[in-house]
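Please read the structure below before turning to the comments.
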Amino acid sequence: MSDAKRQDVPTGLPALLGGTPVRARMLPYGRQDVTEADIQTMVEVLRGDWLTNGPTVARFEEALAARVGARFAVALSSGTAALHAAAAVAGLGPADEVILSPLTTFSFHPVKHITTGEGGMVTTGDAELSGRLRRFRNHGIDREVRQRQATWRQDRVAFGFNYRLTDIQSALGMSQLGRLDASLERREEMSAQYHQALQDMPELTTAPLRPGTRHARHFYPLRLNPDRLREDRETIFQVLRAENIGVSVHYLPVHLHPYYQERFGTGRGLCPAAETAADRLLTLPLFSQMTDGDVGDVIAAVRKVVRWARV
């Protein structure tokens, strides 16, 4: 079937059970958006004097800090490295309690709004903490190569790692940051289409749209209402994938991962609200390169599968 035939696909037998899939090719839940302009910015760095720990990293940090209203931003090699660095320079130890915002990991993974391939950022208003973060990402050395100081010394004054982001990655991040508003606008448009098309189905709860607020729309989650469905979430997930709709699940709660269960004895019942939500969520495809036709395919597939699975 051509992908040109969108929401007029008749509802019927799911592809997993022998029917015709809504799409001929898989639509992923997320995908990086890299333009020729992005590529050119990286080429320019490759032709320059610095590949890592250079002036482009500093420019990216300054631009990101200005965007979010922070005094300092420190780039690291991944979102995980950023969390590690933040915990380390805060002096956290065993039995310390940490209270976090649910929005932590500035992460620049390919499915995020801004990508550097891999990368992360920590923001702070404290100059001393900013310096400690920079040392932590650079082997604990008290100066960085890009400072061009006339000295051979690279004294390690603290324990640290090689968590540096490269100039190549930072060039990509800078270019992508310039398109952030357009990406946010497109994600809002697609989210509104999902909401409008699916909010009338009692088997589902759509992500709320609140007037006067702006949501990042990193994901578009649907919540399944199990009392109105005769199939469980895993079955619905598999049936939608067979329609070539790359749904996913975000996320399994931390305390249910095997490592934490084995090491700390966590398990079901510890966080019942999170567990209930996680058991019912499905993530629909949402990325800035999707067309309205792609959105229509997702809507058609969801409606088709839910009609088949309803009580």
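Here, residue 1 is the first one in the sequence, and each next residue gets the next number. Note that the structure is a prediction, hence the values are computed from the model and not measured.
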Test of ring centre spacing under 6.0 Å for F219 and F287: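 When the ring centroids of F219 and F287 are compared, they turn out to be at least 6.0 Å apart.
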So, [X] versus [Y]: side-chain donor-acceptor pair below 3.5 Å or not?
| X | Y | answer |
| --- | --- | --- |
| T235 | D232 | yes |
| E234 | Q238 | yes |
| Q169 | T166 | yes |

So, the side chain of [X] versus the backbone of [Y]: is there a donor-acceptor pair under 3.5 Å, distance only?
| X | Y | value |
| --- | --- | --- |
| D297 | D294 | no |
| E275 | G269 | yes |
| T41 | D38 | yes |
| R179 | D33 | yes |
| S78 | G119 | no |
| D279 | T276 | no |
| E61 | A75 | yes |
| H113 | A216 | yes |
| Q196 | Q193 | no |
| R217 | R186 | no |

Tell me, do [X] and [Y] make a side-chain contact under 4.5 Å, heavy atoms counted?
| X | Y | result |
| --- | --- | --- |
| S288 | S183 | yes |
| M201 | L198 | yes |
| L256 | R268 | yes |
| L204 | V306 | yes |
| T116 | L165 | yes |
| R132 | R137 | no |
| I168 | V45 | yes |
| R214 | L184 | yes |

Kindly check if the number of other-residue, nucleotide or ligand heavy atoms within 6.0 Å of [atom1] ([X]) is above 12?
| X | atom1 | result |
| --- | --- | --- |
| R263 | CZ | no |
| R210 | CZ | no |
| R241 | CZ | yes |

Which heavy atom of [X] sits nearest a heavy atom of [Y], and at what distance?
| X | Y | result |
| --- | --- | --- |
| N225 | P202 | ND2-O, 2.8 Å |
| Q289 | Q32 | OE1-O, 2.7 Å |
| L177 | R67 | CD1-CG, 4.4 Å |
| Y29 | G246 | CB-O, 3.0 Å |
| P221 | L281 | CB-CD2, 4.2 Å |
| L270 | T266 | CD2-CG2, 4.0 Å |

Could you go through residues 122-129 and list every donor-acceptor pair under 3.5 Å that involves a side-chain atom there, pairing it with any protein atom two or more places apart or in another chain?
unit_1	atom_1	unit_2	atom_2	d
T124	OG1	D126	N	3.1
D126	OD1	E128	N	2.8
D126	OD1	L129	N	2.9

[X] and [Y]: same hydrophobic cluster, using ILVMFWY side-chain contacts below 4.5 Å?
| X | Y | value |
| --- | --- | --- |
| L240 | L13 | yes |
| Y194 | V302 | yes |
| V68 | V74 | no |

Rounded to the nearest 0.5 Å, what's the gap from [atom1] on [X] to [atom2] on [Y]? Could you check?
| X | Y | atom1 | atom2 | value |
| --- | --- | --- | --- | --- |
| E188 | E185 | CD | CD | 9.0 Å |
| N53 | R134 | CG | CZ | 10.0 Å |
| F108 | I114 | CZ | CD1 | 6.0 Å |
| N162 | S77 | CG | OG | 7.0 Å |
| L172 | M174 | CG | CE | 11.5 Å |
| I299 | M190 | CD1 | CE | 11.0 Å |

Stepwise salt bridge (Lys or Arg N to Asp or Glu O under 4.0 Å) check, R23 with E243: CA-CA 6 Å; R23 285 179 63 90; E243 299 292 331; over 6 Å; no
Set of residues satisfying salt bridge (charged side-chain N to carboxylate O under 4.0 Å, His left out) with respect to E62, sequence neighbours excluded: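 Counting only residues at least two positions away or on another chain, E62 forms no salt bridge (charged side-chain N to carboxylate O under 4.0 Å, His left out).
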Pairs meeting criterion salt bridge (charged side-chain N to carboxylate O under 4.0 Å, His left out) with involvement of residues 86-95, two or more places apart: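 Of all non-adjacent pairs touching residues 86-95, none passes salt bridge (charged side-chain N to carboxylate O under 4.0 Å, His left out).
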Parallel, tilted or perpendicular: ring planes of F136 versus H84, cut at 30 and 60 degrees: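 Correct class here is perpendicular.
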Aromatic plane relationship, H257 with Y260 - under 30° parallel, 30 to 60° tilted, over 60° perpendicular: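 Ring orientation, 0 to 90° scale: perpendicular.
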Single hit among R228, R310, R303 for side chain to side chain donor-acceptor pair (under 3.5 Å) with E203: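 The passing option is R310.
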